[in-house]
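As structure tokens, the structure follows; a few thoughts come after it.
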Number of protein chains: 2
Amino acid sequence: MSPRRSVAATRDTHRAIVRRAMDVASVEGLDGLSIGGLASDLGMSKAGVAGHFANKQQLQLEAVDAAVELFTAAIAPALRERAPGLDRLRAGVEAWFAYLEDTPFPGGCLIQAAAAEQDGRPGPVRDAVVAADDRWRAFLLRELHAAIEAGELPADTDAEQRCFVLLALGAGLNQAAQLRADPRAGDRARRAARPLLDG
Amino acid sequence: MSPRRSVAATRDTHRAIVRRAMDVASVEGLDGLSIGGLASDLGMSKAGVAGHFANKQQLQLEAVDAAVELFTAAIAPALRERAPGLDRLRAGVEAWFAYLEDTPFPGGCLIQAAAAEQDGRPGPVRDAVVAADDRWRAFLLRELHAAIEAGELPADTDAEQRCFVLLALGAGLNQAAQLRADPRAGDRARRAARPLLDG
DNA sequence: CCTACCGATCGGTAGG
DNA sequence: CCTACCGATCGGTAGG
């Protein structure tokens, strides 16, 4: 009588669809998603999948949101108990590089892939990807500024320049890992980042 | 009688199709190309476009080849008369960054976009993109090693590490320019690259 | 280089 | 969550 069990099952199905959508999108891109393809992967009918979303764009947006949540969950533990500044910045960058080395997706970090795919296409999906990227960039900048204020970095440190290089090392690590399957990419990025994380 | 004029016109049409395909692919990806879409853009019939290529994959491969040619043509003049080693490396990196800042495509460097798109999809298109990327990587490594042999860089310089960071700065510049439209990205990449191009 | 067509798949919906 | 369908578009081809 009460729809309790049915609601839980619906939620589980919804999550399974979004989970599969992230995996597919990490390889085929957010525009490579197809409702029929996901249905086939999950042993469902096309309408059964489509009924969980207003339209395909909502599915894409949910995949981006879920990927951001996975990233956040992967990074957050490393940040706990760390003081703002270099300590927290080092922990965040290390967790980030480890995430890029060993992503929870078959095609590498979904946000990196979506950023490259969507960078030329205006719209809500691009906006969501940019917002995700901005949040990480803001974290790096915030900790760099905290390090300057704490005297861990010289007062004339160019935080934006350091942030640019850290983001570049992440992009380069991702590219080397995905395109070249280079097992040393992570350590190369760490070595290049080290002088940026010191006073 | 002689098909001379017809052959030339056919070649021009072929080039126009590939040129348009590069522009579209720089925004929509190589998998975002459609023969019907190109036909509409060029005021041709779908079969008129399709007849120039054995199949869609051949069109994708020709777009990659043409993009490599455009890149090579943009870089080559800067390398003329430059001695192997740091002088040639600096000229190449400067031309490369300038190319990434101001690409001949509406969606940014096609090779960078295709590398991110294709990195998880085995096949001839991915192979062509990787080969293009490898050629540029080989150039950087060759000049770094020439600089070491010429005594411009210490004998214990880690050429692969420097190459990794230069490639990362290119990826970061491309991302900042395309995703963020950051007008300072080029200069930030140049500043970060400077210590890597010196003894 | 064209018209006209093929089967397959797309996103989305009606109706249950 | 299903079957069954809509119009549109896909890559590709026959025939001229």
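In the text below, chain A, chain B and the rest are named by the order of the sequence lines, each starting its count at 1. Just so you know, these numbers use all the heavy atoms, side chains as well, and skip hydrogens, waters and symmetry mates.
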salt_bridge(A/Arg190, A/Asp187) N-O dist < 4.0 Å: yes
Distance, rounded to the nearest Å, where A/Gln58 contributes CD and C/dG12 contributes P: 10 Å
Salt bridge present between A/Asp158 and A/Arg162 (N-O < 4.0 angstrom): no
A/Arg126/A/Glu117 salt bridge by N-O under 4.0 Å criterion: no
Nucleotide C/dG12, atom P - distance to NE2 of A/His52 in whole Å: 15 Å
side-chain contact (heavy atoms from CB on, under 4.5 Å) assessment of B/Ile111 paired with B/Phe71: CA-CA 9 Å; B/Ile111 303 298; B/Phe71 177 74; 5.7 Å; no
Whether B/Thr10 side chain and B/Ser6 backbone form a donor-acceptor pair below 3.5 Å: yes
Pair listing, salt bridge (Lys or Arg N to Asp or Glu O under 4.0 Å) test, anchored in residues 146-155 of chain A, at least two apart: none
Sugar-phosphate, base or nothing in reach of A/His14, heavy atoms under 4.0 Å: nothing
Between C1' of C/dC10 and NZ of A/Lys56, the distance in whole Å: 8 Å
Carboxylate-amine/guanidinium contact A/Arg88 A/Glu81, below 4.0 Å: no
Pairing residues for B/Arg121 by the side chain to side chain donor-acceptor pair (under 3.5 Å) criterion, not counting sequence neighbours: B/Asp31
Near-strand residues of residues 21-32 of chain A, defined as heavy-atom separation under 4.0 angstrom from DNA chain D: none
DNA chain D stem ranges, 3 or more consecutive Watson-Crick or G-U pairs under 3.5 angstrom: C:1-16 with D:1-16
Residue-level proximity of residues 33-42 of chain B to DNA chain C when a heavy atom falls under 4.0 Å: none
Centroid-centroid under 6.0 Å between B/Trp96 and B/Tyr99 rings: no
B/Arg180 and A/Asp133 ion-paired at < 4.0 Å: yes
Candidate pair A/Val27 and A/Phe105, rule side-chain contact (heavy atoms from CB on, under 4.5 Å), full reasoning: CA-CA 8 Å; A/Val27 174; A/Phe105 309 111; over 6 Å; no
Are any protein N/O atoms closer than 3.5 Å to N/O atoms in nucleotides 2-5 of chain D? If there are, list each pair with its distance.
{"from": "D/dC2", "atom 1": "OP1", "to": "A/Ser45", "atom 2": "N", "distance (Å)": "3.3"}
{"from": "D/dC2", "atom 1": "OP2", "to": "A/Ser45", "atom 2": "N", "distance (Å)": "2.8"}
{"from": "D/dC2", "atom 1": "OP2", "to": "A/Ser45", "atom 2": "OG", "distance (Å)": "2.4"}
{"from": "D/dC2", "atom 1": "O5'", "to": "A/Ser45", "atom 2": "OG", "distance (Å)": "3.3"}

Crowding at CZ, B/Arg11 (>12 non-hydrogen neighbours, <6.0 Å): yes
For atom CG of A/Asp12 and atom C1' of D/dC1, their distance in whole Å: 15 Å
B/Phe53 and B/His14 aromatic ring geometry - parallel, tilted or perpendicular at 30°/60° bounds: tilted
